[in-house]
Amino acid sequence: MCGIVGYTGPRQAYPIILKGLKRLEYRGYDSTGIALLNSGLKIFKKKGKVTDLESTLLGQELHGNIGIGHTRWATHGEPNDVNAHPHRSASGKLAMIHNGIIENFLQLKKDLEKNGYSFKSETDTEVLLNFIEEIRIKNKCNLEEAVRVALNRVVGAYVILLIDEDDPETIIAARKGSPLVIGIGKNEHFLGSDASPMLEYTREVVYVNDYELVIVKPNELILKNLENETITPFVQKLDIELAAIEKNGYDYFMLKEIHEQPKTIYDCLRGRLDAENGTITMAGVELNIEQLKNAPRLIIVACGTSWHAGLIAEYIFEELCRIPVEVEYASEFRYRNPVINRGDVIIAISQSGETADTLVAIEKAKEKGAFIFGVVNVVGSSIARASHAGAYTHAGPEIGVASTKAFTAQLAVLTMVALKIAKEKNTISDERFHQLLQELNEIPAKVSKILEYTEKIEALAKNLKNAQNFLYLGRGYNFPVALEGALKLKEISYIHAEGYPAAEMKHGPIALVDNSLPVVFVATKDENIEKVMSNMHEIKARKGKVISIITENDNLTASICDEFLSVPPSDEIVAPMLSVVPLQLLAYYIGIEKGCDVDKPRNLAKSVTVE
Ligand code: M6R
């Protein structure tokens with residue numbers, strides 16, 4: 001949460017930082033701010049999105065070859081101009097931006113107040129900044145040393161970037177628990193929460209680790225740990241294309257990402273799945289096959305959409321591999337004292353690879369001796385690095401806050417992992433194995449077919465946009481898809497929606513049903529379909545409106561529904577990768593109809609790096 005950008009070098013910093021902040025806005029967009037050094041420290045900040053700040057600065061002289069910028073997801077203090085970052089220290093000389101939470105800030109604040117400090121904002125950031133400044137003054141040390149001393153005394157998570165009026169070439173940065181990337185250019189350096197702000201300028205990057213301190217000048221990069229020992233930076237080459245982080249003609253990233261799914265699922269299968277020869281190649285599984293196939297239990301930890309993928313994976317692993325599976329919200333798992341037995345394998349699922357709860361959950365499980373298998377999208381991210389083994393989803397950058405293509409790629413990867421383990425364990429027949437490889441192979445083309453018929457979904461969205469509540473129902477593999485459909489609608493259109501197992505509806509939610517309630521059934525054809533049809537009748541009998549995702553040519557199910565959207569036939573194990581697509585589009589078009597900013601829904605951020 002919160003996006004940070006920094007630049008030091010021969011170019012004008014403002015346009016680089018502004019563009020970088022636009023790319024990082026998925027991380028938070030409550031307020032925006034930029035600090036520039038140019039014969040003095042200047043800070044510009046404003047509540048709202050990056051474009052709000054940009055328009056207030058139009059026509060101003062914004063010079064400076066060094067600067068830092070921030071896009072905020074508010075934690076301490078409401079989103080307003082004062083709480084926006086960067087903050088200025090009491091002396092006026094230092095400016096700092098921060099991503100994370102300083103948990104002991106109240107105590108630090110009290111101590112500083114006793115020493116005569118007063119604060120303009122309600123943020124923990126301003127407290128940390130003045131704490132650093134106080135140490136610098138008291139200890140008569142340089143800024144780097146003051147930052148090190150301060151960070152050894154704070155509790156919490158942070159990425160900070162600091163500039164000093166008296167040292168107009170240097171940015172000091174540090175990380176614990178939130179991502180930080182350094183881009184190395186020719187006589188210049190870039191800093192960012194991810195690599196997107198630096199893509200035009202360099203392909204050489206360093207991913208900073210926790211408890212590392214960075215000192216960058218145009219011609220110098222120094223990396224140290226908090227014990228003041230120098231570390232050799234590990235320089236990596238970026239392989240993301242600029243086009244991957246641009247909208248390419250689509251109105252919103254979310255729509256682009258929904259439409260990319262035939263390609264992203266294909267990219268995920270490519271080089272791994274060979275349906276013709278009946279093989280799956282996955283190094284992360286092969287090298288650890290004994291561990292995986294002998295696991296007495298799999299525990300899946302994730303949050304949000306990734307957790308929904310985990311629920312579907314539970315059904316797949318239990319059915320194909322005959323291994324008991326538990327699916328845990330990472331945020332709950334980390335705060336209890338879970339029983340982890342010898343040999344248990346944790347599967348951590350995360351698009352960003354930075355979700356704080358998932359990261360801490362796996363660290364805790366590691367301490368208890370578990371083996372961690374990561375299913376992650378962002379290469380080199382914290383969860384990927386903290387895992388013992390894993391498989392990347394290769395969906396490319398996902399920028400829309402609502403997760404779409406990452407979900408279907410997660411399902412593709414998890415299905416392949418399950419199939420591979422099942423084959424090794426002999427819990428699947430050859431015939432079923434080959435059939436499922438073929439089914440997986442056909443998914444990209446079937447998703448393309450669904451995407452050809454978006455007009456019907458757009459029209460449906462127009463009819464449904466005024467509903468106050470929605471119920472999403474499904475059985476078996478379709479139940480987690482119902483949860484995912486409800487989550488998509490909630491987050492981007494602000495309409496209340498609940499997902500439920502279709503049969504569970506009778507134990508409470510049916511009380512909500514009346515002629516104003518749209519009930520969305522995920523009702524693709526499987527062994528449960530007749531039972532689901534009975535549930536539809538139960539809704540209709542109470543005058544609810546039945547809208548269903550059904551299998552093409554299933555006229556019987558269609559005949560019960562007020563509205564239906566169809567998807568090509570497939571095996572139930574792979575069907576969620578199809579049935580979720582119309583639900584993504586329905587949520588998207590309802591959001592658009594309601595005038596919502598679907599890429600940046602209120603209160604949300606793409607990467608949840610606070611607890
Ligand atoms: O990056 P992660 O997959 O770990 O993120 C988990 C959730 O924060 C994420 O899926 C969130 O629920 C999305 N906004 C859902 O669309």
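In listed order, ligands and their atoms are each counted from 1. Keep in mind that this is a model prediction, so the values were computed, not measured.
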So which heavy atom in the protein is nearest atom 8 (O) of ligand 1, and how far is it from that ligand atom?
V608 CG2, 3.9 Å
Atom 5 (O) of ligand 1: the protein heavy-atom neighbour that sits closest, reported with distance to 0.1 Å:
T355 OG1, 3.4 Å
Would you mind listing which atoms of ligand 1 come within a distance below 4.0 Å of any non-hydrogen atom of [X]?
X: E491; value: 13 (C), 14 (N), 15 (C), 16 (O)
X: T305; value: 10 (O), 12 (O), 15 (C), 16 (O)
X: S403; value: 15 (C), 16 (O)
X: S306; value: 2 (P), 3 (O), 10 (O)
X: Q351; value: 1 (O), 2 (P), 3 (O), 4 (O)
X: V401; value: 13 (C), 14 (N), 16 (O)
X: S352; value: 1 (O), 2 (P), 4 (O)
X: A402; value: 16 (O)

Do the side-chain N and O atoms of [X] and [Y] include a donor-acceptor pair separated by under 3.5 angstrom?
X: T524; Y: N478; value: yes
X: Q584; Y: Q261; value: yes
X: T393; Y: N377; value: yes
X: N209; Y: R385; value: yes
X: Y26; Y: D194; value: yes

At the 4.0 Å heavy-atom cut-off, does K488 count as touching ligand 1?
yes
Has K456 got its NZ or CZ under 6.0 Å from the middle of the six-membered ring of F564, at an angle within 45 degrees of the ring axis?
yes
To the nearest 0.5 Å, what is the distance between CG on L517 and CZ on F470?
8.5 Å
Option whose closest heavy atom lies nearest to atom 6 (C) of ligand 1, chosen from G304, A302, C303:
C303
Working for salt bridge (Lys or Arg N to Asp or Glu O under 4.0 Å), residues E398 and K405
CA-CA 7 Å; E398 189 181 68; K405 64 176 181 172; over 6 Å; no
